[in-house]
Amino acid sequence: MIPYETDVLIAGGGPCGLMLAIELGRRGVRAVLVDPKPGTAFNPQANATQARTMEHFRRLGFADEIRALGLPGDYPTDIAYFTRYTAHELGRVRLPSSAEAVRRIRGMGGSWSAAEPPHRVAQKFVEQVLHRHARALPGIAVHFGWRLAAFAEDRDGIAATVTETGSGAERPIRARYLFGADGPRSFVRHALGIGYGGDGGARRDFMGGRMHAIYLHAPDFYAICPHPPAWMYWTFNRERRALMAAVDGAGEFAFHAQLHPEEEADEAGPDEAAAVAMVEQAVGARIPLRILGRMSWLAGRALVADRFGAGRVFLGGDAAHLFTPTGGMGYNTAIEDAVNIGWKLAAVIRRGADPALLASYAAERRPVAIRNTGFARGFADSVGLYRPSPALETDSLAGTAARARAGAYLEQHARAEFNIPGLTLGGRYDGSPIIADDGTPPPPDAAGAYVPTGKPGGRAPHVWLADGRSLFDTFGFEWTLLRLGPAPPSPEMFVAAARMLGIDLAVVTCEDAEAFDLYESDLVLIRPDQVVAWRRDGRDGRVAAAVLARAAGAHPMA
Ligand SMILES: Cc1cc2nc3c(=O)[nH]c(=O)nc-3n(C[C@H](O)[C@H](O)[C@H](O)COP(=O)(O)OP(=O)(O)OC[C@H]3O[C@@H](n4cnc5c(N)ncnc54)[C@H](O)[C@@H]3O)c2cc1C
């Protein structure tokens, strides 16, 4: 039975809503999640879990579960470009298998100083893990088969109605807060009258217009394709551009083709025979295949909601920003939205923190959404507007030269789109009201390069410790006071202030010299989402209570 009353009502059981349920449930906050679908996504959807998302899964204790899903541990994650899969390979960027990436990350620094490398896994599998963990938490009620149908805010909270898919049965529910993680057509966003701003309809030869997604099973593909296995298979030929991602390394694929303008007019979309023909055009041969699912979707959007909520209602994930999937940031940005608001809602609900803390959600996440959609749009332009020579498929000297030119361009493009530590690890919250800016300049913002820095407002820099642990594994689940260097200051003032404010603060003393160099301070306050909130610069070591109150949202009466 759906409870009549809860702390947070979450509309939407995609990655954003499920992740928020976990962040809240882990902190003892009650939440009800409703979603009209019968269960988690059937179609693969997103294919890439970025390093930062994997670090959050590690923080919550299930990164290894996620890494065991998707492509097998020894399957290469190459990005490869073809005229057709059984014809010419134009270019390939070799990338390590998941098992190899996990080994390598332990020896990497600089841009790739991370606790977790990215993982190539379909969103459908990630959602199953998130659902299992959310459901297991006391206080969390996940109800697929129900939709949010109406809501209104009053003085004490939200009065909502949820309805059952099929029967239409209605149920009232009261909540202190409502979170709309209800996807691109968000009912919550529309009900609040909030629009999207940005670019809603870029036209490109690929990734700019109506796309058709085909989830298929074709185990013979690996025998028919004369080229080594890859994770991403892109095509360039005179008929149609397409992209196919390996889902399980054993014969399941997520195939996306761009519809021609005359096909877009057909509301019903391609029929099954036309869908099979699209796959065979890309393969360049007949191939036995079984279609598991199909859907049309629109590429070419880089949209961000004008506001991320109103009053006690917040928006996150696709409800707040819509990506073209180049760069693979839509789902990953959705996860970080949930992480950001999760600890803040818990602080207000459980600890009585000042509700003004919640305003920092939009202040922090909206600029990141604008940044991330912008990078994704750049990648879409780079690959979607690229037109190789018409000679590409010909058996001639001109054809050979055209293929060499296309290969060189596409390999350079792939390195830009698929090696994005700056994009995934380098998002910053400069200007946030709860970040204690220390006036030092932020590092340059580039998708391909991440500069670890202890400057408040960014992800805490990561190091591997001498005992083999990740520095992140030493952090507390809530707040961490990191003591660094040969003579770190006493934590007593912070410990006392945390006790007074009811803040759960772990004190971690780290003797690692590399960490001291990276953080450039001997005392650093790290938030529950592993973002640096403050670092001591030698002048303000005696202001612990003020630092904590600002960063964590003190009780208004404190
Ligand atoms: C074909 C396809 C391919 C994609 N490929 C990629 C990719 O390669 N990389 C990438 O990063 N992203 C990709 N995306 C985008 C990615 O899937 C989304 O960014 C991601 O799902 C966003 O998660 P979310 O939780 O915000 O929203 P969603 O996953 O859309 O979940 C929203 C949920 O809200 C539910 N809902 C709707 N209305 C209501 C209501 N009234 N009440 C309650 N619930 C409601 C819906 O049923 C849905 O389950 C792709 C998307 C599609 C469609």
Side-chain angles (χ1 to χ4, degrees), residues 2 9-21 32-50 53 118 120-124 126-127 130-131 142-151 160-165 173 178-191 207 210-215 231-232 243-245 247 254-258 293-299 301 303 305 315-338 365 369 372-373 375-376 379-380 417-418 420 423-424:
I2 302 184
L9 175 59
I10 302 171
C16 187
L18 289 167
M19 187 72 170
L20 178 59
V32 172
L33 183 154
V34 288
D35 189 308
K37 294 196 317 260
T40 53
F42 174 75
N43 287 308
Q45 305 212 164
N47 299 290
T49 297
Q50 304 294 359
T53 303
R120 311 315 187 183
V121 57
Q123 179 181 325
K124 68 175 285 174
V126 175
E127 288 189 17
L130 297 180
H131 183 206
V142 179
H143 289 276
F144 282 101
W146 290 79
R147 79 167 58 239
L148 175 69
F151 68 90
T161 305
V162 295
T163 60
E164 192 176 24
T165 312
I173 177 165
L178 169 64
F179 192 82
D182 50 347
R185 283 175 289 278
S186 174
F187 164 74
V188 176
R189 186 171 54 78
H190 282 110
M207 291 289 176
R210 189 145 287 280
M211 310 279 292
H212 197 58
I214 305 168
Y215 178 25
W231 164 51
M232 284 269 174
L243 148 71
M244 190 168 83
V247 169
F255 179 90
H256 300 269
Q258 176 127 1
R294 296 193 293 123
M295 63 189 289
S296 290
W297 61 283
L298 194 63
R301 297 184 289 197
L303 295 172
L315 298 170
D318 278 12
H321 38 69
L322 265 181
F323 284 70
T324 293
T326 35
M329 286 303 290
Y331 133 71
N332 291 279
T333 305
I335 290 283
E336 284 206 75
D337 292 343
R365 294 305 298 165
N372 291 2
T373 50
F375 277 125
F379 299 142
E417 185 189 337
F418 294 96
I420 50 171
L423 181 42
T424 176

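All heavy atoms count here, side chains included; hydrogens, waters and symmetry mates do not. Just follow the structure's listing: the first ligand is 1, and inside any ligand the first atom is 1.
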Show your working on side chain to side chain contact (heavy atoms under 4.5 Å, CB included) between Gln50 and Leu423 and close with a plain yes or no. CA-CA 9 Å; Gln50 304 294 359; Leu423 181 42; over 6 Å; no
First locate atom CE of Met329, then atom OG1 of Thr53, and finally report the distance between them rounded to the nearest 0.5 Å. 7.0 Å
State the atoms of ligand 1, each with its element, that fall below the 4.0 Å cut-off from a heavy-atom position in Gly330. 10 (C), 11 (O), 19 (O)
Measuring from atom 19 (O) of ligand 1, which candidate in Ile10, Val126, Asp318, Thr40 has the nearest non-hydrogen atom? Asp318
Minimum heavy-atom distance Met295-Asn43, with the two atoms named: SD-ND2, 3.7 Å
Please lay out, stage by stage, how Phe323 and Tyr331 fare under the test side chain to side chain contact (heavy atoms under 4.5 Å, CB included). CA-CA 9 Å; Phe323 284 70; Tyr331 133 71; over 6 Å; no
His256 meets the side-chain hydrogen bond (donor to acceptor under 3.5 Å, both in side chains) criterion, sequence neighbours left out, with Trp297
Check each of Ile214, Asn47, Asn43 against atom 8 (O) of ligand 1 and report the one with the nearest heavy atom. Asn47
Heteroatom proximity flag, Lys37 to ligand 1, N/O under 3.5 Å: yes
for atom 39 (C) of ligand 1, nearest protein heavy atom and its distance come out as Asp182 CB, 3.7 Å
Quick one: look at Ala41 and ligand 1, take heavy-atom pairs under 4.0 Å, and tell me if it's side chain, backbone, both or neither. neither
Do you know the tightest heavy-atom contact between Leu303 and Thr373? O-CG2, 4.1 Å
Which protein heavy atom lies closest to atom 25 (O) of ligand 1, and at what distance to 0.1 Å? Cys16 N, 2.9 Å
Of the listed options (Ala48, Ala11, Pro15), which comes nearest to atom 29 (O) of ligand 1 when hydrogens are ignored and any heavy atom counts? Pro15
Which of parallel (below 30°), tilted (30 to 60°) and perpendicular (above 60°) describes Phe375 and Phe379? parallel
Exercise: identify the closest heavy-atom pair between Phe144 and Pro38: CB-O, 3.5 Å
Just by distance, with hydrogens left out, do His321 and Asp337 show a side-chain donor and acceptor under 3.5 Å apart? yes
Atoms in ligand 1 with a heavy atom of Trp297 nearer than 4.0 Å: 1 (C)
What I want to know is whether Gly13 and ligand 1 share at least one N or O pair that is separated by under 3.5 angstrom. no
Got the closest protein heavy atom to atom 4 (C) of ligand 1, with its distance? Gln45 C, 3.7 Å
One finds that the ligand 1 atoms under 4.0 Å from a non-hydrogen atom of Pro184 are 30 (O)
Would you mind checking which non-hydrogen protein atom is closest to atom 27 (O) of ligand 1, with the distance to 0.1 Å? Gly183 CA, 4.0 Å
Logged contact type for Ala46 with ligand 1, heavy-atom cut-off 4.0 Å, is both
Atom indices of ligand 1, in the order listed, that fall short of 4.0 Å to a heavy atom of Ala181: 32 (C), 33 (C), 34 (O)
For atom 31 (O) of ligand 1, what is the nearest protein heavy atom, given as residue, atom name and distance? Gly14 CA, 3.6 Å
Ligand 1 to Trp146 polar contact by distance, N or O atoms, under 3.5 Å: no
Gly12-ligand 1 polar pair, N/O distance under 3.5 Å: yes
Taken to the nearest 0.5 Å, the spacing of Trp231 CH2 from Arg120 CZ works out to 3.5 Å
Using 0.5 Å steps for rounding, measure from the CE atom of Met232 to the CD atom of Glu417. 7.5 Å
Report the member of Leu322, Leu20, Asp35 with the shortest heavy-atom distance to atom 47 (O) of ligand 1. Asp35
The reported gap from NE2 in His212 to OG in Ser296 (rounded to nearest 0.5 angstrom) is 5.0 Å
Heteroatom distance test (Tyr331, ligand 1): nitrogen or oxygen, under 3.5 angstrom: yes
Atoms of ligand 1 under 4.0 Å from any heavy atom of Gly317, numbered from 1 in the order shown, are 26 (O)
Let me see the working for Val32 and Ile173 under side chain to side chain contact (heavy atoms under 4.5 Å, CB included), right down to the final yes or no. CA-CA 9 Å; Val32 172; Ile173 177 165; 3.8 Å; yes
Ligand 1 versus His256, non-hydrogen atoms closer than 4.0 Å: side chain, backbone, both, neither? side chain
With atoms numbered from 1 as shown, which atoms in ligand 1 lie under 4.0 angstrom from a non-hydrogen atom of Leu148? 40 (C), 41 (N), 42 (N), 43 (C)
Among non-hydrogen protein atoms, atom 45 (C) of ligand 1 lies closest to Pro36 CD, 3.3 Å
Looking only at non-hydrogen atoms, find the nearest pair between Ala305 and Arg189 and report the distance. CB-CD, 4.1 Å
Starting from atom 43 (C) of ligand 1, what is the nearest protein heavy atom, named by residue and atom, and what distance separates them? Val34 O, 3.3 Å
Heavy-atom distances under 4.0 Å decide this one: backbone, side chain, both or neither, for Gln123 against ligand 1? side chain
How long is the straight-line distance from CD of Gln45 back to CD of Glu127, given to the nearest 0.5 Å? 6.5 Å
